Number of protein chains: 2
Amino acid sequence: MTKISNIEQLKKLLTKEILNQNGAITITINAIAEISHSNDIVGNCLQEWLPEWFEDNGLKIIATDKTQEFPDFTAYFEDEVVPIDIKCWNYENSPAFDIANFDSFYNVLYNDPKKLFAKYMTIGYVPTKHGFTIKYTDIKSLAELLGPSKKYPIGLQVKRGRPYAVRPANFKKKDYKHFENLDELILAVKDTRDMFPLSREEEKYTSTQWLEKLKEEINRYK
Amino acid sequence: MTKISNIEQLKKLLTKEILNQNGAITITINAIAEISHSNDIVGNCLQEWLPEWFEDNGLKIIATDKTQEFPDFTAYFEDEVVPIDIKCWNYENSPAFDIANFDSFYNVLYNDPKKLFAKYMTIGYVPTKHGFTIKYTDIKSLAELLGPSKKYPIGLQVKRGRPYAVRPANFKKKDYKHFENLDELILAVKDTRDMFPLSREEEKYTSTQWLEKLKEEINRYK
């Protein structure tokens, strides 16, 4: 049994054991089996299979109990505890999975600033006749995953004039634009908040207070 | 091979071959298999497995290409074509799946009134250690599936003061209250529309015009 003691080892293990592998999802009822091809199912199943496989390889990885928060998991490495998420998408498309609801992203970071250091496992699959093939595996920081979009300081889905989901930069492109560092990322979040201010009743702290608190957290680890 | 020639036969086949059966979902990558237990996955997989199994039993059932519309399928029986949907839920809970977005439900019925006669296959499963067991199977009309709620003329999820998803009555309870007939159902939809009127720009027909058109459709088949 491999013992995964840090993020680098996890990244290597993904490349060695998961990348380019074939997979299949089978549903059996009353001894009649059918193979699933739906994207939603493949993505959800991978998000369920991977943590079980990490456990089999000696990594303790626990699902967060608050489903509204991000990221979904916490990984307990030898020397550090890392908030982690697993995002799977059909590699034939651009990655357009949701990172978090914008308001939730903003609040969670303020209340638990160490989540700025969360890692995102990004897994791209391609459906095949008999299942799927894993075509992409990587582990990215939030700064590597996110970037400015054409219309907003950060990749953002907007619905009825309100910020909705935070979306990744198109990291499938080699020359994709992501944030240089976490300082750049938090500034973009603050600018986005200022474009979509909260009402006085909703606002518990100003965007400047938000920025200062997150800056402090980053500087603590510099 | 059984030839399913009408709804009654389909209902009987479900009781005979699916009810009380065990099932499992397995995801295999690189020859390592894990069993899935997540509710979303079981529900989605059942919704994928069942139409394939119906086809194996001689029933032509085709997915609707418009994903925003309801219901999801059309079944081609010997003598009739029936709009049909498959709704699966964890039988340990009350059925709370979405039938449709209210505005979409309202518009689709106006534009395609024969969808009033859609049938809903309701499948309840219970997760077990090694997969799941099917504990409930039925096929219901919209009048049997829907009923008034405490706050609204029809079971309705409301978000930020706007009608959101149309939800089923709690048919797990023996004495649950559903609509007596389609006339009662369309009146409840009209009353709900009047509680949440559309803006002048959004409104293409009045709720009275809506009701008249749907009444005509019902009377055509009386």
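Since the structure is predicted, the reported quantities are computational estimates derived from the model, not experimental observations. First the proteins, then the strands, lettered A, B, ... as listed; each starts at 1.
Among the residues in residues 44-54 of chain B, those with a non-hydrogen atom closer than 4.5 angstrom to a non-hydrogen atom of chain A are N44(B), C45(B), L46(B), E48(B), W49(B), E52(B), W53(B).
Across every non-hydrogen atom of I27(B) and F132(A), the tightest pair is CD1-CZ, 4.3 Å.
The environment of Y164(A) atom OH is sparse: at most 12 non-hydrogen atoms of other residues, nucleotides or ligands sit within 6.0 angstrom.
We find the CZ-CZ distance between R160(B) and R160(A) to be 10.0 Å, quoted to the nearest 0.5 Å.
Per-residue heavy-atom pair counts under 4.5 Å with chain B were compared for I18(A), I41(A), I35(A), N22(A), and the maximum is reached by I41(A). Contact count against chain B (heavy-atom pairs under 4.5 Å) is highest for I29(A) among V42(A), I134(A), T133(A), I29(A).
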Kindly indicate, with the supporting measurements, whether the criterion side chain to side chain contact (heavy atoms under 4.5 Å, CB included) is fulfilled by E17(B) and I32(A).
CA-CA 11 Å; E17(B) 308 261 351; I32(A) 298 158; 5.8 Å; no
